[in-house]
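Shown next, in structure tokens, is the structure this report addresses.
Computed from heavy atoms alone, side chains included, the values below leave out hydrogens, waters and symmetry copies.
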Protein chains: 2
Amino acid sequence: MITKIAITDDHNMVLQGIQSMLSDTKEIKIVGLYNNGSETLNGVVKDEPDILLLDINLPDINGIDLCKALKKANPILKIIALSNYDEVSFIKRMLNAGADGYLLKNTDKLELLTAFKTVLNDEQYLQRDIEKKLLNQSIGKKTTNNLLIKLTRREKEVLEAIAEELTTQEISEKLFISHKTVETHRMNIMSKLGAKNSVGIIKTAIENNLL
Amino acid sequence: MITKIAITDDHNMVLQGIQSMLSDTKEIKIVGLYNNGSETLNGVVKDEPDILLLDINLPDINGIDLCKALKKANPILKIIALSNYDEVSFIKRMLNAGADGYLLKNTDKLELLTAFKTVLNDEQYLQRDIEKKLLNQSIGKKTTNNLLIKLTRREKEVLEAIAEELTTQEISEKLFISHKTVETHRMNIMSKLGAKNSVGIIKTAIENNLL
DNA sequence: TTCGCTCTAAGGGTATTCCCTGATTTTTCA
DNA sequence: TGAAAAATCAGGGAATACCCTTAGAGCGAA
């Protein structure tokens, strides 16, 4: 049985690279190559791949939303996220969005084939290094409180307002609450993010994609 | 005459992709493939490529420093920077560091060959889109004060200290200057970056790769 | 219904930032 | 070598951020 693969990446080099890796494997057939989100959405309907290798960083839409949309339209399609980044927050969100696997672009042919087998078997495939990272993180080994940063709805609103360079006073007016409340939220955010001041909040927030 | 090419990229897919693109071109010979900075530094001595395709985002060293080091050790070597990013600040810094060309990873075979020819001819090669961007920017079309942000050496030091979440007092102790001086620098940085406060400084600094 | 979390708010104090102005010295570079 | 840019420092005041503690109301889950 032949497995039909499609690939989405805005970098031709990567498309070419994967094609080349898989060219001498008989059980694999590449049925679609897409450069962006909209091509992918249309393409998978036409080409009916079994597995989609999906680069997360696309020009027209972010990987998380695209992954959700694809899975909604076609739950049978297996999606393996492809990324340069091994940030835990990112990975978690992709998996939550329905991705069946997560690979970094330093993958080799063997791992690619293993990943295909695994997801076709309805299991989740994570690159070795990534699995380790997720484990370490959930055990809480690292002092770098990498993730698990859970801000409440209100805290997120305050965070965004801080990022807009608003003062406490301005934020309180924007959210119709007391400036004292805003301060409390800011303090709690600082504490959750391990920041010493608002600068630290913004740094950590950006690093962890909270904005 | 055969042109000897070496490639540095930590993503095997990209290595494979470029190899595959160039495999049927007789005038090109790939003499080295490196995964990181140190391999590159050693490799180019041994393999003596004419041109190095250098990915900017490497695990062990940043592209700018590596480019400088390579050019210093071997000024004849042509270096074409390879990147996912088309941010003007980045490009400028790579070119300042001695790069002879700048390509995004969405490049195709034709452009790759054109780039080779151009740099071998002692000219600078920039990808079409990038050239446009640089032009637009220098004309000052965009209101987004995209770049031209020129911080002085000292301002950069202060900026970095701010990013470390230090207070003015702490920064002054670190740099052995008066806290008043630090404040002056901070004010000047705010003004240059168009920020309302330190949060804005950090945001803009991160956006513009000043950190 | 109790427990836990969130959101709200306040008091009161200290530390720091932000802003303006003005000035001297040092460095850079044309 | 002279002008421009950069780095240094200062005073003083208003605004804001930071910090700690306490506490009531509302809501959803155990």
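Atoms NE2 (B:His179) and C1' (C:dT17) sit 12 Å apart, rounded to a whole Å. For the pair A:Ile171 CD1 and C:dT8 P, the interatomic distance rounds to 13 Å; values are reported in whole Å. The interatomic distance linking A:Glu183 (CD) with D:dA23 (P) rounds to 19 Å, in whole Å. Distance, A:Glu165 CD to D:dA17 C1': 16 Å, rounded to whole Å. Atoms CD (B:Gln169) and P (D:dC18) sit 17 Å apart, rounded to a whole Å. In this structure, B:Glu157 atom CD and D:dA7 atom P are separated by 8 Å, rounded to whole Å. Protein atom CD1 of B:Ile189 is 10 Å distant from nucleotide atom P of D:dA7, rounded to whole Å. Atom NZ in B:Lys156 sits about 15 Å away from atom C1' in D:dA7, given to the nearest Å.
The shortest distance between the side-chain N/O atoms of B:Thr181 and the OP1/OP2 oxygens of D:dT8 is not below 4.0 Å. OP1 or OP2 of C:dT17 has not a single side-chain nitrogen or oxygen of B:Ser198 nearer than 4.0 Å. For C:dT17, the OP1/OP2 oxygens have a side-chain nitrogen or oxygen of B:Thr168 closer than 4.0 Å. The phosphate of D:dA15 has neither OP1 nor OP2 within less than 4.0 Å of any side-chain N or O from A:Thr167. When the side-chain nitrogen and oxygen atoms of B:His185 are compared with OP1 and OP2 of D:dT8, one or more of them lie within a distance under 4.0 Å.
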**Request:** Applying side-chain contact (heavy atoms from CB on, under 4.5 Å), run through A:Ile171 and A:His185 and close with a yes or a no.
**Result:** CA-CA 11 Å; A:Ile171 297 170; A:His185 286 311; over 6 Å; no
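Comparing D:dC18, C:dC18, D:dA7 by their closest approach to the side chain of B:Arg153 singles out D:dA7. For A:Ser178, the listed nucleotide lying nearest its side chain is C:dA10; candidates were D:dA7, C:dA10, D:dC18. If you check C:dG11, D:dA17, C:dC19 against the side chain of A:Lys180, the one that comes closest is C:dG11.
Taking 4.0 Å as the cut-off between side-chain N and carboxylate O, B:Lys105 and B:Asp55 count as a salt-bridged pair.
With hydrogens and angles ignored, the 3.5 Å screen pairs a side-chain donor or acceptor of A:Glu39 with a backbone N or O of A:Asn35. Using a distance-only test at 3.5 Å, with no hydrogens or angles considered, no donor-acceptor pair links the side chain of A:Ser198 to the main chain of A:Ile201.
Contact annotation for B:Met187: base contact, defined as any heavy-atom pair under 4.0 Å involving a base atom. Using a 4.0 Å heavy-atom criterion, one finds that B:Thr184 contacts the bases of the nucleic acid, with or without backbone contacts as well.
When all heavy atoms of B:Leu58 and B:Gly37 are compared, the closest pair comes out as CD1-N, 4.0 Å. The shortest heavy-atom contact between B:Val44 and B:Pro49 is O-CD, 3.6 Å.
Between B:Val199 and A:Thr152, the one whose closest nucleotide on DNA chain C sits nearer the 5' end is A:Thr152. Residue A:Ile177 is the one, among B:Leu166 and A:Ile177, whose nearest nucleotide of DNA chain C lies closer to the 5' end (criterion: closest heavy atom). Place B:Asn197 and B:Arg154 on DNA chain D by their nearest nucleotides, and B:Arg154 ends up nearer the 5' end.
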